[in-house]
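Read through the structure below, which is laid out as structure tokens, and then see the notes.
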Protein chains: 2
Amino acid sequence: MRYSEDHKAKTHQRIIDEAARLFRRDGIGATGLQPLMKTLGLTHGGFYAHFKSKDQLVETALAHTAEQLKASTDEIFANDAPLPTFIRRYLSSAHCANPGDGCPLPTMSSELGLRGQASEITDQVVRDRLQAIEGSLDTEEAEAQSIMMISAMVGALVLARSVSDPQLSQHLLKTVRQQLLEQVESAS
Amino acid sequence: MRYSEDHKAKTHQRIIDEAARLFRRDGIGATGLQPLMKTLGLTHGGFYAHFKSKDQLVETALAHTAEQLKASTDEIFANDAPLPTFIRRYLSSAHCANPGDGCPLPTMSSELGLRGQASEITDQVVRDRLQAIEGSLDTEEAEAQSIMMISAMVGALVLARSVSDPQLSQHLLKTVRQQLLEQVESAS
DNA sequence: TGTACATCAGTGAACGCGCGTTCACTGATGTAC
DNA sequence: TGTACATCAGTGAACGCGCGTTCACTGATGTAC
């Protein structure tokens with residue numbers, strides 16, 4: 001069957017989008033190409049009309065996630081007083097409950113650390129975020145503070161997702177959220 | 001071949017120790033029973049003389065890790081001014097470089113979150129740590145501060161292990177270490 | 001003390017399964033004449 | 001306008017591989033007589 005001109009490009013993008021979701025939600029290793037393609041209503045053989053290998057998809061999907069992340073971060077930081085918004089969103093129950101649509105840092109640490117080329121994308125994500133936060137802090141020690149904030153946010157999300165007690169999970173999120181917001185307020 | 005009386009118990013423990021290491025280093029899913037047993041100089045079939053299934057090993061190994069962790073934490077917190085020691089050890093280059101011998105929280109978040117029974121062990125690990133830190137803080141807001149500290153430490157380790165640039169990695173660790181140590185000093 | 005037997009931790013081939021990957025094939029549509 | 005052909009995204013069976021698990025077997029040692 002021959003399709004319309006942009007059909008292949010659309011399918012290509014659908015694969016990337018779904019992969020970016022599943023890699024973050026379930027991990028790279030636990031995401032099979034067969035289930036991935038089935039989710040899109042396709043068969044697994046067709047995958048190789050779009051990508052050379054799973055590894056190539058991983059890199060593409062990671063790059064796509066990084067781009068998306070930068071765009072949404074930049075959007076937040078284009079406004080006034082962006083830091084409280086960023087903190088509230090990052091440490092929201094929604095972000096905690098939907099790792100597939102969120103930040104890849106808390107979920108993919110172990111798998112990212114091992115990959116050579118792909119983990120350079122991680123470096124850029126971390127540096128971009130640090131710069132954005134640092135830029136909106138007027139204090140001395142802005143750099144150290146931005147590192148502390150990012151670390152606390154990533155750690156809080158990791159912990160909130162790891163524990164099985166929902167109350168403990170929410171308590172961790174809420175506490176770090178409030179502490180960081182206070183810190184931002186007192187700094188301005 | 002029949003072995004000495006405590007031979008089986010020793011092998012049993014060797015399996016648990018190695019599994020606890022590999023689960024933290026490579027993840028549960030990525031750790032195969034065949035390579036695990038081979039590392040111990042055994043064949044894979046013998047595994048089932050010791051455990052009913054891989055799942056049972058996972059639970060046993062996780063419980064063992066939690067116990068070990070509690071023991072080493074308690075040891076640190078039995079001394080005077082334990083917090084600086086704990087912070088320095090947790091955010092050391094050695095801990096960062098050897099996930100297999102360290103805290104399971106930064107590496108196993110995604111895999112732990114999905115497991116029912118096993119993730120209750122995680123709850124206990126988190127609560128134990130919080131209590132230990134909280135107890136050695138004399139300030140008001142000791143609870144909130146201990147949550148912030150744990151989050152920052154876990155997040156810093158996750159980030160330091162995720163990035164590919166060693167300098168960035170060390171910088172993240174060092175900055176969070178110094179910030180937390182200052183915070184502890186100023187609180188006492 | 002010497003011999004026959006029981007024990008059972010560990011062996012290694014085999015099982016079904018899902019993985020990533022390959023490949024001969026399909027068939028609706030665009031193009032050539 | 002009608003027909004023959006080329007295209008190529010997607011199909012689905014098949015590949016080797018490592019996984020978790022099963023099972024008939026081994027053979028050094030302890031026990032019974």
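Every chain is numbered from 1, with letters handed out A, B, ... down the list of sequences. We use all heavy atoms of the structure for the numbers below, so side chains are in, but hydrogens, waters and symmetry mates are not.
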* To do: Return the set of residues passing side chain to side chain contact (heavy atoms under 4.5 Å, CB included) with A:Ser169 (not counting sequence neighbours), or none when no residue passes.
  => A:Cys96, A:Ala160, A:Val163
* Asked: Going by the ring-ring contact (aromatic ring centres under 6.0 Å, His included) test, which pairs reach into residues 36-59 of chain B, not counting sequence neighbours?
  -> B:His12-B:His50, B:His12-B:Phe51, B:Phe47-B:Phe51
* To do: Under the side chain to side chain contact (heavy atoms under 4.5 Å, CB included) rule, collect the residues that match up with B:Glu134, sequence neighbours excluded.
  => B:Ala142, B:Glu143, B:Ser146
* **Dot-bracket pairing map - DNA chain C, Watson-Crick plus G-U, both contacts under 3.5 Å, | cross-strand** => .||||||||||||||||||||||||||||||||
* Atom pair distance, as rounded to whole Å: CD in A:Gln13 and C1' in D:dA9 -> 17 Å
* Structure fact -> Separation between NE2 (B:His64) and CD1 (B:Ile121), nearest 0.5 Å, reads 12.0 Å
Mind listing the N/O atom pairs, protein and nucleotides 15-21 of chain D, below 3.5 Å?
| from | atom 1 | to | atom 2 | distance (Å) |
| --- | --- | --- | --- | --- |
| D:dG20 | OP1 | B:Thr31 | O | 3.4 |
| D:dG20 | OP1 | B:Lys54 | NZ | 2.8 |
| D:dG20 | OP2 | B:Leu33 | N | 2.7 |
| D:dT21 | OP2 | B:Tyr48 | OH | 2.8 |
| D:dT21 | OP2 | B:Lys54 | N | 2.8 |
| D:dT21 | O5' | B:Tyr48 | OH | 3.1 |

* So, is A:His12 close to the D:dA9 phosphate, meaning a side-chain N or O under 4.0 Å from OP1 or OP2? -> no
* Asked: Which pairs count as salt bridge (charged side-chain N to carboxylate O under 4.0 Å, His left out) when at least one residue sits in residues 65-87 of chain A, sequence neighbours excluded?
  -> A:Lys70-A:Asp74
* To do: To the nearest Å, give me how far apart CZ (B:Phe51) and P (C:dA9) are.
  => 13 Å
* Measure from CE on A:Met37 to P on D:dG10 and round the result to the nearest Å. => 7 Å
* Could you tell me the separation between the CG atom of B:Asp6 and the P atom of C:dA9, rounded to a whole number of Å? => 13 Å
* Quick one: A:Arg14 CZ to D:dA9 P, roughly how many Å, whole number? -> 15 Å
* To do: Name all residues meeting the ring-ring contact (aromatic ring centres under 6.0 Å, His included) criterion together with B:Phe86; count only those two or more places apart in sequence or in a different chain, and write none if there are none.
  => B:Phe77, B:Tyr90
* CD1 of A:Ile15 versus P of D:dG10: gap in Å, rounded? -> 7 Å
* **Presence of A:Thr11 side-chain N/O under 4.0 Å of D:dA9 phosphate oxygens OP1/OP2** => no
* Asked: Mind checking what makes side chain to side chain donor-acceptor pair (under 3.5 Å) contact with B:Arg89, not counting sequence neighbours?
  -> none
* Is the distance from OP1 or OP2 of C:dG10 to the nearest side-chain N or O of B:His7 less than 4.0 Å? -> yes
* To do: Could you list all the salt bridge (charged side-chain N to carboxylate O under 4.0 Å, His left out) pairs where at least one residue sits in residues 90-107 of chain B, not counting sequence neighbours?
  => B:Arg21-B:Asp101
* Asked: What heavy-atom pair brings B:Asp123 and A:Asp165 nearest, and what distance separates the two atoms?
  -> OD2-N, 3.0 Å
